[in-house]
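Notes to accompany the following structure.
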Amino acid sequence: MSSEQQLELTPVAVEGHGNTVSAWTLVMLVMLGSIVGCVAFCLGNIPWLIVGLAIIVGGCVAGGILKALGFGKLGSRTKSHS
């Protein structure tokens with residue numbers, strides 16, 4: 001690239017990028033399950049490790065259900081962010 005050429009970057013806003021009830025529920029439950037699972041793994045506690053994995057799976061299921069109920073991106077129950 002020569003010194004005469006300049007690259008101009010313009011920020012592009014992504015509307016509704018993860019800003020939904022469905023997305024936040026999924027993220028919070030997956031984070032909680034990850035914390036429980038990691039602590040259980042470090043302590044060598046297999047039952048709690050399984051509980052952590054179950055919380056992660058439950059978070060994915062809950063996120064999908066909430067999206068199907070209209071709480072996801074472009075859902076009927078999601079507020080428009082304008």
Side-chain angles (χ1 to χ4, degrees):
M1 191 154 120
S2 70
S3 60
E4 296 173 4
Q5 296 175 337
Q6 289 191 0
L7 181 62
E8 185 175 326
L9 300 175
T10 56
V12 178
V14 179
E15 293 187 27
H17 180 71
N19 209 4
T20 63
V21 173
S22 173
W24 279 107
T25 301
L26 178 121
V27 167
M28 295 307 271
L29 287 174
V30 168
M31 282 179 34
L32 176 65
S34 297
I35 292 169
V36 170
C38 287
V39 170
F41 181 81
C42 289
L43 296 176
N45 192 333
I46 300 301
W48 277 101
L49 178 64
I50 294 171
V51 168
L53 293 173
I55 293 171
I56 292 171
V57 171
C60 294
V61 170
I65 289 172
L66 286 169
K67 184 178 179 184
L69 290 174
F71 290 102
K73 185 175 178 183
L74 302 176
S76 60
R77 298 180 184 193
T78 303
K79 289 183 181 179
S80 174
H81 299 284
S82 49

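Nothing fancy with the numbering, it's 1 onward along the sequence. Source: prediction; values computed, not measured.
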Query raised in the report: Looking only at heavy atoms, what is the nearest atom pair of Ser22 and Gly72, with distance?
Result: CB-CA, 3.9 Å
Query raised in the report: Under the 4.5 Å side-chain heavy-atom rule for ILVMFWY, direct or indirect, which residues accompany Trp24?
Result: none
Query raised in the report: Under a single-linkage definition using a 4.5 Å side-chain heavy-atom cutoff for Ile, Leu, Val, Met, Phe, Trp and Tyr, are Trp48 and Ile55 assigned to the same hydrophobic cluster?
Result: yes
Can you give the donor-acceptor pairs under 3.5 Å from side chains of residues 63-71 to other protein atoms, not counting sequence neighbours?
none

Listing, residues 25-36 side-chain donor-acceptor contacts under 3.5 Å, not counting sequence neighbours, or none:
residue, atom, partner, partner atom, Å
Thr25, OG1, Val21, O, 2.8
Ser34, OG, Val30, O, 2.8

Requested in this report: Show which residues join Phe41 in its hydrophobic cluster (side-chain heavy-atom contacts under 4.5 Å, direct or indirect), or state none.
Outcome: Ile46, Leu49, Ile50
